[in-house]
Amino acid sequence: MRFTVAIDGPAAAGKGTISRAVAAHFRFAHLDTGLLYRAVGAKVAEGADPVAAAEGLDLSDLARGDLRSAEAGQAASRVAALPEVRAALVAFQRSFARREGGAVLDGRDIGTVICPEAEVKLFVTASDAERARRRWLELAARGGAQSEAEILADLRERDRRDREREAAPLRPAPDALLLDTTELTIDAAVNKAIEAIELRQAQGRE
Ligand code: CDP
């Protein structure tokens, strides 16, 4: 059985939380594609060439502990604007998306570029203030010292870069289901995603 769930949206909108929960619920594999760009960005920050870093990316690179920081996020969004970097990461993401047993991929261009044929596409958003609040809670729990205002500025700068770039800009696929999580609990947001997938699975059986 091949079944792809594409989850896109701006920074800290809840894509990761929803993706992990959906993957666990349906026993699908999950790929956080932001980690690919964060890992490339981290290598570039250490002096590597961006394209060579993307071409040589290894799964073990995704396990490094420093990829969740705001600096790694900024480094990711800078290398993510380079078409050659994106191109080097396409094949891996596409084969992950079509693996046997089902897959959930979250990122910015999964429903538009990586997997336009995905069975379910979600575009997850939340207000800027709510996204900053959530990311602040997440980073503070790991000992981060940034204020909510600094995090808000960081998210907005990244979103602007991600939306305005020419290569695979952040935007909803025309057939994506929009999910605004500003007022939703995690359970409510996850349930909406699960409902959309179950509906599609039922259609597939008709
Ligand atoms: O977790 P958060 O939403 O803050 O970011 P992320 O998903 O880890 O992505 C980090 C950066 O990687 C984004 O700001 C994008 O510039 C880039 N990215 C991308 O261009 N395409 C993807 N499919 C995933 C991430």
Side-chain angles (χ1 to χ4, degrees), residues 1-40 54-64 67-68 76 80 83 85-126 131 134 138 162 167-181 184-206:
M1 185 271 307
R2 294 183 208 283
F3 192 100
T4 310
V5 182
I7 304 189
D8 293 306
K15 303 180 300 289
T17 305
I18 295 173
S19 300
R20 282 189 296 276
V22 160
H25 182 88
F26 292 98
R27 297 175 190 260
F28 291 170
H30 170 225
L31 179 65
D32 170 358
T33 65
L35 272 187
L36 304 175
Y37 296 91
R38 286 173 181 263
V40 173
E55 284 171 349
L57 203 66
D58 190 90
L59 276 184
S60 65
D61 294 324
L62 308 185
R64 33 191 296 181
L67 296 183
R68 295 283 175 197
V85 165
R86 306 197 70 84
L89 301 174
V90 166
F92 173 71
Q93 295 176 83
R94 286 200 177 137
S95 74
F96 192 97
R98 298 318 281 169
R99 68 198 274 150
E100 186 57 38
V104 184
L105 286 82
D106 72 285
R108 301 292 184 288
D109 63 339
I110 309 304
T112 51
V113 173
I114 299 299
C115 213
E117 72 283 10
E119 279 75 9
V120 174
K121 299 176 194 173
L122 301 179
F123 194 82
V124 180
T125 61
R131 293 189 293 122
R134 291 179 190 164
E138 189 185 322
D162 291 347
L170 169 66
R171 60 180 167 76
D175 53 347
L177 175 71
L178 301 183
L179 185 55
D180 183 339
T181 69
L184 296 180
T185 61
I186 291 177
D187 280 354
V190 168
N191 282 337
K192 282 189 187 284
I194 289 175
E195 273 169 25
I197 295 163
E198 285 176 344
L199 185 66
R200 184 67 177 79
Q201 287 180 325
Q203 287 165 349
R205 284 192 290 269
E206 273 169 14

Q: Considering non-hydrogen atoms only, spot the tightest contact between Glu119 and Arg98 and give its length.
A: OE1-NH1, 3.2 Å
(Q) Looking at every non-hydrogen atom in both residues, tell me the closest pair between Ala189 and Thr181 and how far apart they are. (A) CB-CG2, 4.0 Å
Q | Criterion side chain to side chain contact (heavy atoms under 4.5 Å, CB included) on Gln93 and Ile110, from CA distance to verdict | A | CA-CA 9 Å; Gln93 295 176 83; Ile110 309 304; 3.8 Å; yes
Q | Closest heavy-atom pair and its distance - Ala196, Val120 | A | O-CG2, 4.1 Å
Q) Would Glu100 and Arg27 pass as an ion pair if we require N to O under 4.0 Å? A) no
Q: Kindly say whether Pro10 contributes a backbone atom to a donor-acceptor pair with the side chain of Lys15 at under 3.5 angstrom?
A: yes
Q. Do Asp58 and Ser60 have side-chain atoms, one donor and one acceptor, less than 3.5 Å apart?
A. yes
Q.
I need the single residue from Thr33, Val5, Val104 that forms a side-chain contact (heavy atoms from CB on, under 4.5 Å) with Ser19. Which is it?
A. Val104
Q) Do side-chain atoms of Asp106 reach the backbone of Ile7 as a donor and acceptor pair under 3.5 angstrom? A) no
**Q.** Under 3.5 Å: donor-acceptor pair, side chain of Arg131, backbone of Ala126
**A.** yes
Q) If we only count heavy atoms from C-beta on, is the Phe123 to Arg171 side-chain gap below 4.5 Å? A) no
Q | Pairwise side-chain contact, Leu178 with Thr125, heavy-atom cut-off 4.5 Å (strictly under) | A | no
Q | Whether Asp8 side chain and Gly111 backbone form a donor-acceptor pair below 3.5 Å | A | yes
Q) Under 4.5 Å between any side-chain heavy atoms of Asp109 and Arg86, yes or no? A) yes
Q) So do Asp32 and Arg38 actually touch side chain to side chain, heavy atoms under 4.5 Å? A) no
Q: For Pro116 and Lys121, work out which heavy atoms get closest and say how close.
A: O-NZ, 2.6 Å
(Q) For Ala193 versus Leu122, what's the shortest heavy-atom pair and its separation? (A) CB-CD1, 3.6 Å
Q.
Can you tell me how far apart OG1 (Thr112) and CG (Asp175) are? Round to the nearest 0.5 Å.
A. 10.5 Å
Q) Can you name the closest pair of heavy atoms from Ala6 and Ala118 and give their distance? A) CB-CB, 3.9 Å
Q: Give a yes or no answer on whether the side chain of Arg94 reaches the backbone of Cys115 with a donor-acceptor pair at less than 3.5 Å.
A: no
Q) ring pair (Phe, Tyr, Trp, His ring centres under 6.0 Å): which pairs involve residues 5-34, sequence neighbours left out? A) Phe3-Phe28, Phe26-Phe28
Q.
Quick check: do Ile18 and Leu179 have side-chain heavy atoms less than 4.5 Å from each other?
A. yes
Q | Side-chain heavy-atom pair Arg134, Thr17 within 4.5 angstrom cut-off | A | no
(Q) Distance check, rounded to the nearest 0.5 Å: Phe96 atom CZ versus Ile114 atom CD1? (A) 13.0 Å
Q) Heavy-atom count around Leu62 CG within 6.0 Å, excluding the residue itself: above 12? A) yes
Q. With a 4.5 Å heavy-atom cut-off, do Leu36 and Phe92 have their side chains touching?
A. yes
Q: Rounded to the nearest 0.5 Å, what's the gap from CG on Leu31 to OG1 on Thr4? Could you check?
A: 11.5 Å
